[in-house]
Amino acid sequence: MGRSFPGWTEPENMIIQKEFCDAEQISTSYLGCLLYLLEEWTGLERLEEYLNYLITCLLVLLLMGFLLPLVIFLFFFISAIFVYIYKRKTNLNEDLNDFPNSVRQLLATAWYVHARIWNGYQVHGLEKLPDGPALIIHYHGATFLDILYLSVIIFIRKKKLLHIVADHFIFSIPGMKLVSDILQFMPGSQEECRKVLEDGELLIISPGGVREALFSDENYTIIWRNRKGFAQVAIDAKVPIIPTFTQNIRENIRIIGGQIKLLRPIYEYLRLPIFPLYGNFPVKLQAYFGDPIPYDPNITAEELAKKVRFSFQSINRLIPTHWAKIKTPG
C-alpha cells in the first residue's frame, strides 16, 4: 500500500488525523473525514458551515435564474387583471376598440419604468420611423420582452400604436386575450397585416418567430428559412421596411435545450415552446433602427426578403458588440 523510508516518521498531526479517520469508535463519512483534514490543513474552523453557506447561496442563485423570467409574466398578468377590472367597471365592449389612451398611457408608463430600471432600455434611431405606415422587421430573442418594450416607447414618444404579429400559442395563455387587445397583438395573416398597414399603422414582424427564439444562438443567427410573406405584405401595402435589433437580448434570457439538435423535432411536431427559460438578468438592452428600405414597385418579394436579410449587416457599425456577430443565411 504506502511506502516508507528509513529514518522517516509521520508528523504528529498526520498521525492524529489518521487515527481520527480510522478510529472505530467514531462513525464518520469520507466527506466528514475530508472536511476534518481540510480544516486542519487550512487552519479554518467550522469549514462545514462555510461550505453549507456557499452551497445554499449557489442554489439560491440557480433558483433565481429560473424564477426571474416569471417576474415578467407576473407583471404581464397584473396588467391583464388591471385591464379586466377596468373593463368590468366601465362596461367596455368586448373588442376593446374604445379603450382610452389614458389607460394605455398608464400601462405603458408602468412597463417603461420597468424597462428603464431593470434593463436600462434605450432606443436609437427612433426618428427613422415615418409618420405614416411602416413594416418593422425584428430579430426574435428568447421572449417578446424587447418587442413589448419597443411598443411602449413608440406609444409614449410617437403617440402611435405598434401592431405586433404573435405566434398562435400566445393567444392560448390565460389572460392574454385582454392584454393582447391593448398591446395590439394579432395572429398575422397576410390579409390582416396588409389591412393594418393600409390603415396607416405601424406593424412589427419577426420572420424567425418562435423557431428563431428557441434555436438561435449566442451568434444571433437569423433563422428565417425561405420566408418572404412579410416582403409581399410590404409590397402590396406600398410601405417601407425598417430592420431593428435589440442588443444583448440573448444575454437577457436564455433557453435550455435550444442547442440540442435532438429536441428540434419535438418543437416541429408540437409547435409549442416547451423549453424552460432562465435569466432575465439586468443587462442593458438597446434597440437600434436601421435605414428604411423604401417601397420599390419593381422588386419581387423574394428579392426584397433577401435585401432585408442583408440590410441587418448595415447596422453593424452602429452596434459595437453582438450585432457584429449576426449571421445571415446563405
Side-chain angles (χ1 to χ4, degrees), residues 58 61-73 114-115 118-125 136-150 164 166-167 169-170 204-227 243-268 270-290 305-306 308-330:
L58 291 176
L61 291 175
L62 181 63
L63 182 62
M64 286 180 62
F66 289 98
L67 289 180
L68 281 176
L70 296 179
V71 174
I72 298 174
F73 294 99
H114 171 79
W118 189 251
N119 294 115
Y121 185 75
Q122 291 180 315
V123 177
H124 303 276
I136 300 172
I137 300 299
H138 191 69
Y139 170 84
H140 204 308
T143 67
F144 57 85
L145 178 65
D146 58 327
I147 298 178
L148 179 58
Y149 285 171
L150 183 61
I164 304 169
D167 193 271
F169 87 90
I170 288 288
I204 185 168
I205 297 177
S206 296
V210 177
R211 188 176 287 106
E212 187 171 80
L214 295 178
F215 303 110
S216 185
D217 52 31
E218 66 278 1
N219 292 320
Y220 293 80
T221 303
I222 295 174
I223 305 176
W224 291 4
R225 291 188 167 182
N226 296 318
R227 291 187 174 177
T244 65
F245 171 77
T246 302
Q247 181 187 20
N248 291 329
I249 190 59
R250 279 284 164 190
E251 280 60 49
N252 174 241
I253 295 179
R254 292 181 176 270
I255 299 281
I256 294 180
Q259 302 308 308
I260 302 176
K261 293 183 179 180
L262 294 177
L263 297 179
R264 181 75 174 262
I266 297 178
Y267 167 76
E268 299 296 345
L270 297 176
R271 291 301 178 91
L272 292 174
I274 58 175
F275 305 104
L277 304 170
Y278 73 96
N280 193 19
F281 303 115
V283 298
K284 186 173 182 61
L285 299 179
Q286 300 186 81
Y288 290 83
F289 282 93
K306 289 182 179 179
V308 173
R309 286 190 185 101
F310 290 107
S311 70
F312 277 81
Q313 295 177 330
S314 67
I315 313 178
N316 185 13
R317 62 183 179 273
L318 298 178
I319 304 176
T321 55
H322 293 293
W323 186 270
K325 296 181 179 181
I326 282 284
K327 295 181 180 179
T328 55

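With ring centers used as reference points, Phe245 lies 6.0 Å or more from Tyr288.
Taking CG of Leu148 as the start and CG of Leu150 as the end, the distance is 9.5 Å to the nearest 0.5 Å. Expressed to the nearest 0.5 Å, how far CD1 of Ile137 lies from CD1 of Ile204 amounts to 8.0 Å. Note: Ile253 CD1 to Asn248 CG = 13.0 Å, rounded to the nearest 0.5 Å. To the nearest 0.5 Å, the span separating CD1 on Ile249 from CG on Leu145 amounts to 6.0 Å.
Between Ile164 and Phe144, the closest side-chain pair of non-hydrogen atoms is not below 4.5 Å. The closest side-chain heavy-atom distance from Val210 to Tyr267 is below 4.5 Å. At a threshold of 4.5 Å between non-hydrogen side-chain atoms, the residues Phe275 and Ile255 count as touching.
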Note to self: Under the criterion side chain to side chain contact (heavy atoms under 4.5 Å, CB included), I'd like the reasoning laid out for Val283 against Leu285: C-alpha separation, chi angles, the key distance, then a yes or no.
What the structure shows: CA-CA 6 Å; Val283 298; Leu285 299 179; 4.1 Å; yes
Note to self: Let's go through Thr244 and Tyr139 carefully: what are the C-alpha distance in whole Å and the side-chain angles of both, what is the deciding distance for side-chain hydrogen bond (donor to acceptor under 3.5 Å, both in side chains) to 0.1 Å, and is it a yes or a no?
What the structure shows: CA-CA 7 Å; Thr244 65; Tyr139 170 84; over 6 Å; no
Item checked: Worked verdict on Glu268 versus Arg211 for salt bridge (Lys or Arg N to Asp or Glu O under 4.0 Å) -> CA-CA 9 Å; Glu268 299 296 345; Arg211 188 176 287 106; 2.9 Å; yes
Check: Passes side-chain hydrogen bond (donor to acceptor under 3.5 Å, both in side chains), Tyr149 versus His114? Steps please.
Finding: CA-CA 9 Å; Tyr149 285 171; His114 171 79; 3.2 Å; yes
Check: Does the side chain to side chain contact (heavy atoms under 4.5 Å, CB included) test come out yes or no for Ile136 and Phe289, once each step is laid out?
Finding: CA-CA 9 Å; Ile136 300 172; Phe289 282 93; 4.1 Å; yes
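Side-chain atoms of Asn252 come within 3.5 Å of backbone N or O of Phe281 as a donor-acceptor pair. With hydrogens and angles disregarded, no donor-acceptor distance shorter than 3.5 Å links the side chain of Ser206 to the backbone of Gly208. Looking only at distances, no side-chain donor or acceptor of Lys284 sits under 3.5 Å from a matching main-chain atom of Asn119. Formation of a donor-acceptor pair under 3.5 Å by the Asp217 side chain with backbone atoms of Asn219 is found in this model. Judged by distance alone, with hydrogens and angles left aside, the side-chain atoms of Glu212 form a donor-acceptor pair with the main-chain N or O of His140 at under 3.5 Å.
Across all non-hydrogen atoms, the minimal contact from Ala287 to Tyr121 is CB-OH, 3.3 Å. Closest approach of Gly141 and Ala213 over heavy atoms only: O-CB, 3.0 Å. Of all non-hydrogen atoms in Asn280 and Trp118, the two that sit nearest each other are O-NE1, 2.9 Å. When all heavy atoms of His138 and Ile147 are compared, the closest pair comes out as CD2-CG1, 3.5 Å.
Shown here are the side chain to side chain donor-acceptor pair (under 3.5 Å) partners of Asp167, two or more places apart in sequence or in another chain: there are none. Shown here are the salt bridge (charged side-chain N to carboxylate O under 4.0 Å, His left out) partners of Arg250, two or more places apart in sequence or in another chain: there are none.
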